[in-house]
Amino acid sequence: MKKLLTVGCLLLSLACSAQQKTKKGWMQLFNGKDLKNWDIKIRGHKLNDNFGNTFRVENGILQVRYDQYKEWGELYGHMFYRKNFSAYLLIAEYRFVGEQVKGGPAWALRNNGLMLHGQSAASMGLNQDFPISLENQLLGGNGKDPRSTANLCTPGTNVVINGKFITEHCITSTSKTYDGEQWVRVGALVLGDSVIKHIVFNDTVIVYNKPQVGGGNVTGADPALLKEGRLLTEGTISIQSESAPTDFRKIEVFDLSPYMKDPKKLDAIIHQLQEETRTK
């Protein structure tokens with residue numbers, strides 16, 4: 001596994017610098033046109049009831065918006081890609097725009113997230129607030145306080161960090177604060193339940209392993225899904241709506257699962273990315 005982790009780190013570094021140029025091997029979760037292959041689940045609403053046109057695409061941008069809401073009303077929502085992933089590199093580019101919807105909680109100011117190893121949209125309870133998952137929490141600066149991005153939050157889950165079992169709901173990353181409406185590139189290197197890394201641009205900002213079901217911070221979930229200690233080796237990827245208007249212009253995945261048992265093939269992927277970077 002040490003070999004795999006080393007190779008994975010190299011792949012991450014190359015992909016973060018080269019992903020704008022290379023498309024071979026990347027799966028575009030957001031196609032720049034519509035919400036094809038995504039499912040929407042908003043609290044209190046049935047599957048794929050996109051209340052208030054919360055998730056939409058305009059001018060090639062995936063938008064999370066609340067202009068059709070009278071007030072927040074705790075309508076936490078998520079948009080799930082219709083495929084499970086186990087080992088992969090995820091890259092996304094986001095920015096916060098505009099003002100928080102009326103009634104949104106203070107902690108959700110300029111707050112969104114990429115949910116990893118999550119349950120499916122179809123398995124969400126009607127009034128469930130968050131999917132059982134691992135959140136790569138996206139935060140924007142408030143102009144006053146340090147607010148790192150790519151933090152870890154754990155709705156219905158726990159993790160291990162540096163050999164210590166962690167039950168805290170949110171763990172702060174080492175990233176800097178990103179103020180204003182600037183575009184920020186974040187990523188996640190996910191290798192089953194062995195290691196998960198959150199990345200901001202080219203910097204790894206938090207590392208954890210042994211993600212598993214446990215803890216709280218989820219309401220309305222099917223109790224059958226809350227089996228304490230169940231390791232999470234795969235799951236969905238979703239983005240949030242939790243009262244902060246957000247834009248995404250890229251969400252893409254490089255699937256590493258075919259190469260997990262063969263470090264030489266991982267090395268070959270690295271070489272391929274290096275060559276493409278030189279020639280494009």
Side-chain angles (χ1 to χ4, degrees), residues 35 37-56 62 64-66 68-85 100-139 151-159 165-171 188 193 196 208 210-246:
L35 303 181
N37 295 323
W38 294 86
D39 283 320
I40 295 169
K41 181 62 184 73
I42 296 174
R43 188 181 192 186
H45 293 265
K46 293 182 179 180
L47 181 65
N48 288 320
D49 177 1
N50 190 11
F51 172 79
N53 198 24
T54 302
F55 297 97
R56 64 186 79 162
L62 172 55
V64 184
R65 293 292 188 271
Y66 308 95
Q68 297 179 30
Y69 285 53
K70 291 183 179 180
E71 60 181 3
W72 175 232
E74 297 190 340
L75 295 181
Y76 298 103
H78 297 79
M79 191 171 77
F80 299 74
Y81 194 74
R82 294 175 188 162
K83 175 180 169 63
N84 276 13
F85 296 92
Q100 186 180 24
V101 66
K102 179 181 177 182
W107 58 262
L109 176 72
R110 297 171 66 78
N111 187 334
N112 202 299
L114 296 165
M115 319 302 281
L116 314 174
H117 273 353
Q119 66 183 104
S120 68
S123 68
M124 292 279 287
L126 179 64
N127 294 307
Q128 188 172 343
D129 48 5
F130 301 99
I132 300 166
S133 58
L134 305 157
E135 180 184 355
N136 186 334
Q137 184 193 48
L138 312 178
L139 288 185
N151 307 302
L152 168 65
C153 292
T154 54
T157 54
N158 294 311
V159 301
F165 187 67
I166 303 296
T167 58
E168 296 172 56
H169 177 47
C170 289
I171 306 296
D193 61 6
I196 299 177
Y208 53 96
K210 295 183 180 178
Q212 57 195 270
V213 175
N217 301 295
V218 166
T219 62
D222 181 350
L225 299 178
L226 293 170
K227 184 179 179 181
E228 195 91 10
R230 175 171 60 89
L231 288 172
L232 298 175
T233 58
E234 65 174 17
T236 57
I237 295 171
S238 62
I239 66 171
Q240 291 189 318
S241 63
E242 52 181 11
S243 78
T246 316

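Because only heavy atoms are used, hydrogens play no part in the values below, and waters and symmetry mates are left out as well, while side chains stay in.
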Nearest heavy-atom neighbours spanning Glu242 and Tyr66: N-OH, 3.2 Å
Heavy-atom pair with the smallest gap, counting every atom of Thr167 and Asn158: CA-OD1, 3.5 Å
With Asp49 via side-chain hydrogen bond (donor to acceptor under 3.5 Å, both in side chains) - residues at least two apart: His45
Point-to-point distance, once rounded to the nearest 0.5 Å, from OG of Ser238 to NZ of Lys41: 12.5 Å
Pairwise distance CG(Asn37) to CZ(Arg82) - rounded to 0.5 angstrom: 6.0 Å
Let me have the donor-acceptor pairs involving side chains of residues 113-125, under 3.5 Å, with sequence neighbours excluded, atom names and distances please.
| residue | atom | partner | partner atom | Å |
| --- | --- | --- | --- | --- |
| His117 | NE2 | Gly192 | O | 3.0 |
| Gln119 | OE1 | Gln128 | NE2 | 2.8 |
| Gln119 | OE1 | Ile132 | N | 2.9 |
| Gln119 | NE2 | Ser123 | O | 3.2 |
| Gln119 | NE2 | Ser123 | OG | 2.9 |
| Ser120 | OG | Ser123 | N | 3.2 |
| Ser120 | OG | Ser123 | OG | 3.2 |
| Ser123 | OG | Ser120 | N | 3.4 |
| Ser123 | OG | Ser120 | O | 2.9 |

Partner residues of Arg230 under the salt bridge (Lys or Arg N to Asp or Glu O under 4.0 Å) criterion, sequence neighbours left out: none
Residue pair Ile239, Leu62: steps toward the side-chain contact (heavy atoms from CB on, under 4.5 Å) verdict: CA-CA 11 Å; Ile239 66 171; Leu62 172 55; 3.7 Å; yes
Nearest heavy-atom neighbours spanning Phe80 and Thr236: CD2-OG1, 3.7 Å
Nearest-0.5 Å distance that lies between atom CG in Asn136 and atom CG in Leu152: 8.5 Å
Residues forming a salt bridge (Lys or Arg N to Asp or Glu O under 4.0 Å) with Glu74, sequence neighbours excluded: Arg43
Which residues share a salt bridge (Lys or Arg N to Asp or Glu O under 4.0 Å) with Asp129, sequence neighbours left out: none
Set of ring pair (Phe, Tyr, Trp, His ring centres under 6.0 Å) partners for Tyr76, sequence neighbours left out: Trp72, Phe130
Reported CG-to-OG1 distance for the pair Asn217 and Thr157, which is rounded to 0.5 angstrom: 8.5 Å
Tell me which donor-acceptor pairs under 3.5 Å the side chains of residues 220-229 have, and how far apart each pair is, sequence neighbours excluded?
| residue | atom | partner | partner atom | Å |
| --- | --- | --- | --- | --- |
| Asp222 | OD1 | Ala224 | N | 2.9 |

Rounded distance [0.5 Å steps], CG in Leu134 versus CD1 in Ile196: 5.0 Å
Which residues share a side chain to side chain contact (heavy atoms under 4.5 Å, CB included) with Leu231, sequence neighbours left out: Asp193, Lys210, Gln212
Contact list for residues 103-112, test side-chain hydrogen bond (donor to acceptor under 3.5 Å, both in side chains), sequence neighbours left out: Asn112-Thr246
Contacts of type side-chain hydrogen bond (donor to acceptor under 3.5 Å, both in side chains), residue Thr233, not counting sequence neighbours: none
Heavy-atom side-chain proximity of Pro155 to His169 below 4.5 angstrom: yes
Check: Gln68 side chain, Phe51 main-chain N or O, donor-acceptor pair, under 3.5 Å: no
Gly156 versus Val218, closest heavy-atom pair with distance: N-CG2, 3.4 Å
Those residues that, when tested against Tyr81, pass ring pair (Phe, Tyr, Trp, His ring centres under 6.0 Å) (two or more places apart): Trp38
Within-4.5 Å side-chain heavy-atom neighbours: Val64 and Ser241: yes
Partners meeting ring pair (Phe, Tyr, Trp, His ring centres under 6.0 Å) with Phe85 (sequence neighbours left out): Tyr88
From OG1 (Thr154) to CD1 (Ile166), nearest 0.5 Å: 9.5 Å
Heavy-atom check, side chain of Tyr208 versus side chain of Ile171, under 4.5 Å: no
Donor-acceptor pair between Thr54 and Tyr69 side chains, under 3.5 angstrom: yes
